[in-house]
Amino acid sequence: MQRLWAETALLPSGWASNVRVDIAVSGRIEDVQVGADPCGMQVPMLLPAPVNVHSHGFQRAMAGLTEHRGPDAKDSFWTWRHLMFRFMDRLTPDHIQAITAMVQMEMLEAGYATNVEFHYVHHQPGGVPYDNIAELSERVAAAADQTGIGLCLLPVHYEFGGCDQRDLTAGQIRFGNSMTQFMDLHQATTKAIAELPADTGIGVAPHSLRAVGPSDLAQYASLFPTGPIHMHLAEQQAEVDEVKHHWGQRPVAWALDNLDIDARWCLIHCTQMTPDETRALASSGAVAGLCPITESSLGDGIFDGVSWLGHGGAMAIGSDSNIRISLCEELRQLDYSQRLRDGTRAALATSQHSTARRLFSAMLQGGAQAAARQTGRIETGYWADLMTLNTQSHHLWTLTGDKALDAWVFAGDDRLVKDVWSAGRHMVSDGRHVARSAIITAYKHTLEALKDAL
Ligand code: ZN
């Protein structure tokens with residue numbers, strides 16, 4: 001058993017002082033006592049550590065390779081996607097494992113306890129499946145075994161190259177599976193994660209309305225009766241136009257009319273919604289999986305957080321392309337995008353809670369829902385997904401409670417994250433992952449092998 005004692009901690013009831021937290025060997029919180037005498041490992045400020053709700057690990061190694069202008073008149077999400085396909089075609093299973101481990105380590109060091117991996121590279125270059133259809137799922141699982149992050153693995157179903165159900169392009173054939181093949185893959189992936197700790201989870205992810213046919217999409221909730229369902233939705237204007245052209249409705253309107261969208265669903269991005277769609281989707285109970293840094297990097301558009309939260313929508317944060325993995329920067333970028341659009345300040349704050357407090361609380365709750373993980377609360381029975389902030393940093397001097405959270409999000413950076421536990425596994429100590437040097441060495445070798453890929 002581990003015993004922590006925090007000068008201050010964010011509990012479900014709010015900030016509390018002198019908090020003792022006992023963590024059972026199972027990785028769950030066994031007891032929480034307020035007003036306790038100092039004991040065990042003493043930490044200054046203890047918070048629940050959130051879920052990172054959306055990631056494509058391998059894209060981390062593309063950072064810095066896509067910022068030049070291509071031959072097209074205008075660089076865009078679609079030209080970037082072309083480069084991503086080319087890059088991905090060079091990746092071996094060893095590369096994918098090493099890059100994923102790096103991503104998971106950076107997530108932990110940023111304060112995330114869980115990686116929801118939207119995993120869509122399944123086959124060999126050329127599209128032939130590996131002898132073990134779940135070879136690359138096993139590599140993601142092996143990375144999680146090394147890094148100690150909580151894993152929720154989402155094998156991705158990707159069948160078509162567009163809404164007209166055209167064949168996949170050469171760049172996409174490593175992703176491709178029919179519905180039947182995908183069911184086999186899902187079963188093999190379930191076996192691949194069986195050796196991981198008990199907090200590991202699995203869900204499913206139809207990639208998007210472009211990549212899966214409408215009749216298959218309509219069956220998802222019944223074919224997979226348990227676990228989360230994640231899908232990219234309404235990210236780019238060209239995608240909206242394509243769905244409208246072939247299926248007769250905008251993506252969100254079509255999804256609401258044809259899929260059983262409820263609290264099991266997490267829709268990623270939703271940066272292209274009308275006000276009516278925002279209101280209706282928020283009311284469905286689904287989580288909006290937002291990735292503000294990647295959405296900025298790819299020019300996706302601005303999610304309407306003011307209206308979404310105003311209608312009681314659930315939200316969570318992911319790092320998607322992983323060009324930059326930073327929990328506090330994602331929250332900052334989300335609020336700044338609203339301010340720039342609306343000419344306001346503290347756009348997502350309320351009269352009760354400051355900006356960072358409201359966003360942090362929302363992402364704890366939405367992340368837990370989207371990962372189907374009992375997390376996000378320092379409470380008996382929950383997984384011990386915890387983080388500490390370094391209150392000795394000059395960024396936090398004289399500040400407590402919500403003001404300290406605001407200073408971390410708007411003035412600080414990841415260096416304020418001191419310790420992180422995932423289901424009781426103490427993986428980050430004094431700001432550094434416990435296996436940092438081995439993970440960095442493998443990542444360096446991978447980058448050397450890929451340096452001429454683009
Ligand atoms: Zn994505």
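All ligand and atom numbering here is 1-based and tracks the order in the structure. Please read these numbers as outputs of a predicted model, since none were measured by experiment.
Protein atoms of type N, O or S found under 2.8 Å from the Zn ion (ligand 1) total 4.
Classified by interplanar angle (parallel below 30°, tilted 30° to 60°, perpendicular above 60°), the ring pair H232/H54 is perpendicular.
Between Y336 and F410, the gap from one ring centroid to the other is short of 6.0 Å.
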Review item, side-chain donor-acceptor pairs of residues 311-318, under 3.5 Å, at least two apart:
residue : atom : partner : partner atom : Å
H311    : ND1  : S307    : O            : 2.9
H311    : ND1  : S307    : OG           : 3.4

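Take H426 and apply the side-chain contact (heavy atoms from CB on, under 4.5 Å) test, not counting sequence neighbours, and it matches Q2, M41, D419, W421, S429. For H119, the ring-ring contact (aromatic ring centres under 6.0 Å, His included) partners two or more places apart in sequence, or in a different chain, are H122.
With respect to E109 and R436, a salt bridge is recorded, a charged nitrogen being found less than 4.0 Å from a carboxylate O.
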